[in-house]
Engineer: 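Input: one structure, supplied below.
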Amino acid sequence: GTCFQGFSAPRQRVELLGVELLGVELLGVEVLGVEVPGLMGYVLGRPGGSLSNSSSWLGAGAQEQAKVGANAERKTAAVTDERARATEAVVLHDLRIPLEGYKANVDHVWVSGNSVIIMDTKQWAGGFYWTLFGKTRLGFKAVPHADKRTIPAAVNGITKYLADRGIKAKVSTPLLVVWSKNPISSLFYRPAGARFVSGDVFKRDAVRMLPGKKADVNIVRALEELLN
């Protein structure tokens with residue numbers, strides 16, 4: 001089911017964005033009826049959910065990798081969730097990409113007004129990343145994971161998904177949020193279809209990167225159907 005984060009004990013049933021809920025204190029705003037003036041932004045889904053769920057049947061090495069990835073997604077979510085709660089925007093975590101046969105997921109989607117920002121989160125080693133002729137290296141070592149095309153697939157899938165439902169949305173430049181224990185040099189790195197941003201910069205500049213307009217209800221309703 002849908003996961004709304006940050007609520008307390010149930011009170012009575014209400015409907016929010018077409019989803020029946022139990023009346024709750026949602027993100028500090030007491031919800032006692034359908035009309036909730038001044039309702040602030042909120043969070044849908046569970047960050048790192050797909051990675052956490054898959055780790056049980058993976059080998060030891062892959063389990064550790066999934067755990068690291070899930071932790072990175074939760075770091076990004078801590079930033080987006082705090083920002084959402086201070087605005088009227090909505091953030092969704094862990095969505096499937098609506099393309100037939102495509103198994104990868106979308107880590108985070110930010111909705112502000114009719115603007116949609118897709119975000120992919122990674123935990124990488126520090127160092128000098130550079131791209132030449134579509135191939136990225138860390139120093140002199142090839143790093144194919146830095147050239148994955150998950151983000152372009154997500155953009156294509158979500159854009160078509162919303163358009164097929166007659167929903168007008170502007171899919172903005174996606175963000176590739178990369179966390180690392182050591183500094184990353186990305187001046188010459190060219191991720192496929194996205195803007196690179198380090199986790200520290202994302203945390204520092206979230207107010208500028210994530211606009212806070214009231215989320216379009218129809219966009220949120222549609223994207224909610226993609227939650228894992």
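Note that these values count all heavy atoms, side chains included, but never hydrogens, waters or copies made by symmetry.
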Engineer: Side-chain contact, heavy-atom cut-off 4.5 Å: M119 with D107?
Structural biologist: no
Engineer: Quick one: are P211 and W110 in side-chain contact, heavy atoms under 4.5 Å?
Structural biologist: yes
Engineer: Side-chain contact, heavy-atom cut-off 4.5 Å: I219 with V90?
Structural biologist: no
Engineer: Would you please say whether a donor-acceptor pair under 3.5 Å links the side chains of N228 and D94?
Structural biologist: yes
Engineer: Would K168 and D216 count as a side-chain contact (heavy atoms from CB on, under 4.5 Å) if you check the C-alpha gap in whole Å, the side-chain angles of each, and the deciding distance to 0.1 Å?
Structural biologist: CA-CA 10 Å; K168 295 182 179 180; D216 184 295; over 6 Å; no
Engineer: Please check if the side chain of Y189 supplies one atom and the backbone of A146 the other of a donor-acceptor pair under 3.5 Å.
Structural biologist: yes
Engineer: Can you give me every donor-acceptor pair (side chain of residues 158-166, partner residue at least two apart or in another chain, under 3.5 Å) with its distance?
Structural biologist:
residue, atom, partner, partner atom, Å
T159, OG1, V155, O, 2.7
K160, NZ, D164, OD2, 2.8
Y161, OH, A222, O, 2.7
R165, NH1, Y161, O, 2.9

Engineer: Can you give me the closest heavy-atom contact between V220 and A215, atom names plus distance?
Structural biologist: CG2-CB, 3.9 Å
Engineer: Counting only N and O atoms by type, is there a donor-acceptor contact under 3.5 Å from the side chain of R195 to the main-chain atoms of T173?
Structural biologist: no
Engineer: Would R85 and V43 count as a side-chain contact (heavy atoms from CB on, under 4.5 Å) here? Give the steps.
Structural biologist: CA-CA 8 Å; R85 289 165 182 155; V43 178; 4.2 Å; yes
Engineer: Quick one: salt bridge (charged side-chain N to carboxylate O under 4.0 Å, His left out) partners of K122, sequence neighbours excluded?
Structural biologist: D120
Engineer: I need the minimum non-hydrogen distance between Q123 and K75, along with the two atoms involved.
Structural biologist: OE1-NZ, 3.7 Å
Engineer: What heavy-atom pair brings I151 and G193 nearest, and what distance separates the two atoms?
Structural biologist: CG2-O, 3.6 Å
Engineer: Quick check: do T80 and F202 have side-chain heavy atoms less than 4.5 Å from each other?
Structural biologist: yes
